Amino acid sequence: MAKPSDRQLEKHIKQSAQDSASVIFTKHARLRMRQRFVNDPMVLEVLRLGSFALPPEPDMKNPGLLCRMQRYVAGVQVAVVVYVEYPATNLVVVTVIDVKKD
């Protein structure tokens, strides 16, 4: 299968995030969420309504891509890095960033 364009990948992430069961959180992501006072609904909003902050990058350990979605939500500029194996619908939240602080 051909590599998707950034626009196709962003649309895929937004559509996949509509089903919260498709969003999987790593332990690292949960830890960062607690440290940065970011909750699940905030992460889901970023994934559903945000946009790419940086171009997707290949993951060094796995065949998929790391994508950084970003959005201003609940008074905080939040970035969520997700691992995506296009066209699979599962999204693995790798980390969560408070852009203004980090």
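For clarity, every value in this text was computed on a predicted model and none was experimentally measured.
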Query - Check: S20 and R48 side chains under 4.5 Å, non-hydrogen atoms - result: yes

Query - Heavy-atom pair of closest approach, residues V94 and H28 - result: O-CD2, 3.2 Å

Query raised in the report: Is there a side-chain contact between L91 and Y83 (heavy atoms, below 4.5 Å)?
Result: no

**Report entry** Side chain proximity check, M33 to V43, heavy atoms < 4.5 angstrom
**Finding:** yes

Query raised in the report: With a 4.5 Å limit on heavy-atom distance, are the side chains of V78 and D98 in contact?
Result: no

Report task. Locate the shortest heavy-atom distance separating S22 from T89; write the atom from each residue and the value. Result -> CB-O, 3.5 Å

Query raised in the report: So T95 and I97, side-chain contact (heavy atoms from CB on, under 4.5 Å) or not? Walk me through it.
Result: CA-CA 7 Å; T95 194; I97 304 161; 4.3 Å; yes

Requested in this report: Answer yes or no: are there more than 12 heavy-atom neighbours, outside Q35 itself, under 6.0 Å from its atom CD?
Outcome: yes

Query raised in the report: How far does CG of N62 sit from CD of E85, to the nearest 0.5 angstrom?
Result: 6.5 Å

Query raised in the report: For the side chain of T26 and the backbone of V93, is there at least one donor-acceptor N/O pair under 3.5 Å apart?
Result: yes

Query raised in the report: In Å, rounded to the nearest 0.5 Å, how long is the span from CG of L9 to CG of L65?
Result: 6.0 Å

**Report entry** From CG (L47) to CE (M69), nearest 0.5 Å
**Finding:** 6.5 Å

Query raised in the report: Side chains of V81 and C67: closer than 4.5 Å at any heavy-atom pair?
Result: no

Query raised in the report: Just by modelled atom types, is the A53 backbone N or O under 3.5 Å from a matching donor or acceptor in the R68 side chain?
Result: no

Query raised in the report: With sequence neighbours left out, what residues match K11 under salt bridge (charged side-chain N to carboxylate O under 4.0 Å, His left out)?
Result: none

Query raised in the report: Does the salt bridge (Lys or Arg N to Asp or Glu O under 4.0 Å) test come out yes or no for D40 and R30, once each step is laid out?
Result: CA-CA 9 Å; D40 287 12; R30 290 284 186 200; 2.5 Å; yes

Query raised in the report: Between the main-chain N or O of Q70 and the side-chain N or O of Q77, is there a donor-acceptor pair closer than 3.5 Å?
Result: no

Query - Short side-chain to backbone donor-acceptor contact, Y86 and G64, under 3.5 Å - result: no

Query raised in the report: V92 versus V82: any side-chain heavy-atom pair under 4.5 Å?
Result: no

**Report entry** R32 CZ to F25 CZ distance, which is reported to the nearest 0.5 Å
**Finding:** 15.5 Å

Query raised in the report: Within the side chain of E10, is there an N or O that forms a donor-acceptor pair under 3.5 Å with the backbone of R7?
Result: no

Report task. Could you check H12, Q18, K14 and say which one makes a side chain to side chain contact (heavy atoms under 4.5 Å, CB included) with S16? Result -> H12

Query - Audit row: I13, V84, side-chain contact (heavy atoms from CB on, under 4.5 Å) steps and yes/no - result: CA-CA 8 Å; I13 291 169; V84 181; 3.9 Å; yes

